[in-house]
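So you know, we letter chains A, B, ... as the sequences are listed, proteins then strands, and number each from 1. What you see is a predicted model, and the numbers here were worked out from it, not measured in a lab.
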Protein chains: 2
Amino acid sequence: MKKDAARNNHKVDGVALGLSNRLFFRLYQCANMMHKTGTKALEPHGVTTQQWAILGALTRPAFEHGVAVGDLAAYLLVSRQNLAGVLSRLEAQGHIVRTVAESDNRSRLIKLTDAGRTLWAEEMRPRIDDYYAAALDGFSTDDRIHAIHYLDKLLRNLAALDPEPEH
Amino acid sequence: MKKDAARNNHKVDGVALGLSNRLFFRLYQCANMMHKTGTKALEPHGVTTQQWAILGALTRPAFEHGVAVGDLAAYLLVSRQNLAGVLSRLEAQGHIVRTVAESDNRSRLIKLTDAGRTLWAEEMRPRIDDYYAAALDGFSTDDRIHAIHYLDKLLRNLAALDPEPEH
DNA sequence: CGAATAAAGTAAATACATTGACATATATTC
DNA sequence: GAATATATGTCAATGTATTTACTTTATTCG
């Protein structure tokens, strides 16, 4: 069947594809599959991978006492307009609060609620650990370090390509 | 300024983040930046990175004479509903055609138009090569091979996590 | 052959993510 | 201090991606 030929060539399509092309194609596929499987892993809590990234960021010591939306957007490398939307959903679910900054009437300070902190620590954390274990099965510590190294390197190049200054 | 502290810790946020978490966070950031910078690189032609992936796939020898939407979706690892939307835009731009398969009244066969093939070869290809060169600056051939290896490995794990059978 | 199964297209709801544009508030500079 | 510049939130448009659900057409199996 033609179907099988087209659907089972993950192993074959590297031969003529070119290294650079293949690298970016795999990055594209991996990111999609990460969102798909990651969101499914946290489905019982109605949290997506992007929301998970935000909640995780908010547990960082530096952001423990609240963080401005602009700073959070800069940390995640997403636009503030996009972040605002996800934050609205997290706020509606009661996981975070937006408070007006004292020294700046424009700015809102994002903070984890107690419920959000509990959700993260008690519910999400164990599932996330299981997810990492499954997704990185067969990856040694060195493998992870090397993979991160390449992604870091790529990210620096992409950031340099982005006209957006880092202010 | 607090701003600078929050916005310049790409190098610092690895220390306490955990290897697995950091790997997925970088994957998330890289994918977003790839779409952002890649789409900008091809902006003169109004083509996004996803459309670029599809046009590239259609130039594969195996798909040269047309490919079914289901097979193309399986190759790209996206849902056929998503693919249908992108194909509509590509069709509206005249880059591809959808013809009804002779042996199956349900199925549509996707083919590159002459205009689409020319756009790919004459216009997009050079810009894509420039983009790859910039995004992978400092990557040796071995670096690329190793990076692909890790992404392949990760993708296999993610695919195994996905309930979707490969039929 | 006829019934169950599978595959294809489509529609709709939801969520991410980008850009451009705008109003308002804060900072900088002269 | 006033003019300029920058930061912030928001609105709107567009594109990508998922899931669920439904209809129609093929295929398979009994």
Please give, in whole Å, the distance from [N] [atom2] to [X] [atom1]?
X        : N      : atom1 : atom2 : answer
B/His45  : D/dG15 : NE2   : P     : 17 Å
A/Gln51  : C/dT14 : CD    : C1'   : 11 Å
A/Met34  : D/dA17 : CE    : P     : 13 Å
A/Leu76  : C/dA17 : CG    : C1'   : 13 Å
A/Arg108 : C/dT26 : CZ    : P     : 11 Å
A/Gln29  : D/dA17 : CD    : P     : 11 Å
A/Leu87  : C/dA15 : CG    : P     : 14 Å
A/Leu72  : D/dG9  : CG    : P     : 11 Å

Q | Option among A/His95, A/Glu122, A/Glu64 that satisfies the side chain to side chain donor-acceptor pair (under 3.5 Å) test with A/Arg117 | A | A/Glu64
Could you go through nucleotides 18-22 of chain C and list every protein N or O atom that sits under 3.5 Å from one of its N or O atoms, giving the distance for each pair?
unit_1	atom_1	unit_2	atom_2	d
C/dT18	OP2	A/Ser79	N	2.8
C/dT18	OP2	A/Ser79	OG	3.1
C/dG20	O6	A/Gln81	NE2	2.8

Q: Not counting sequence neighbours, which residues clear side chain to side chain donor-acceptor pair (under 3.5 Å) with A/Arg127? List them please.
A: none
Q) How are the rings of A/Tyr75 and A/Phe63 set relative to one another: parallel (under 30°), tilted (30 to 60°) or perpendicular (over 60°)? A) perpendicular
What pairs of donor and acceptor atoms, side-chain ones from residues 129-136 of chain B against any protein atom, are under 3.5 angstrom apart with sequence neighbours left out?
unit_1	atom_1	unit_2	atom_2	d
B/Tyr131	OH	B/Thr37	OG1	2.8
B/Tyr132	OH	A/Asn21	OD1	2.8

(Q) Nearest to the side chain of A/Thr48, heavy atoms from C-beta on, is which of C/dA15, D/dT24, C/dA17? (A) C/dA15
Q: Could you work out which one of D/dG9, D/dA17, C/dG9 sits closest to the side chain of B/His35?
A: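 From the listed options, D/dA17 comes nearest.
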Q: Could you tell me whether the side chain of B/Arg106 has a donor or acceptor atom within less than 3.5 Å of a complementary atom in the base of D/dT25?
A: yes
Q | Nearest-0.5 Å distance that lies between atom CG in A/Leu154 and atom CG in B/Asp143 | A |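 The CG atom of A/Leu154 sits 11.5 Å away from the CG atom of B/Asp143.
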(Q) Can you confirm whether more than 12 heavy atoms, excluding those of B/Asp114, are under 6.0 Å from its CG atom? (A)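 Atom CG in B/Asp114 is not crowded, with 12 or fewer foreign heavy atoms closer than 6.0 Å.
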(Q) Could you check whether any side-chain N or O of A/Arg125 sits under 3.5 Å from a backbone N or O of A/Glu123, counting only pairs where one atom can act as donor and the other as acceptor? (A)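 Between the backbone of A/Glu123 and the side chain of A/Arg125 there is no qualifying donor-acceptor contact (under 3.5 Å).
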Q.
Both A/Asn105 and B/Arg98 contact DNA chain C. Taking the nearest nucleotide for each, which residue is further toward the 5' end?
A. B/Arg98
**Q.** Contact nearer the 5' end of DNA chain D, comparing B/Asp104 with B/Gly85
**A.** B/Gly85
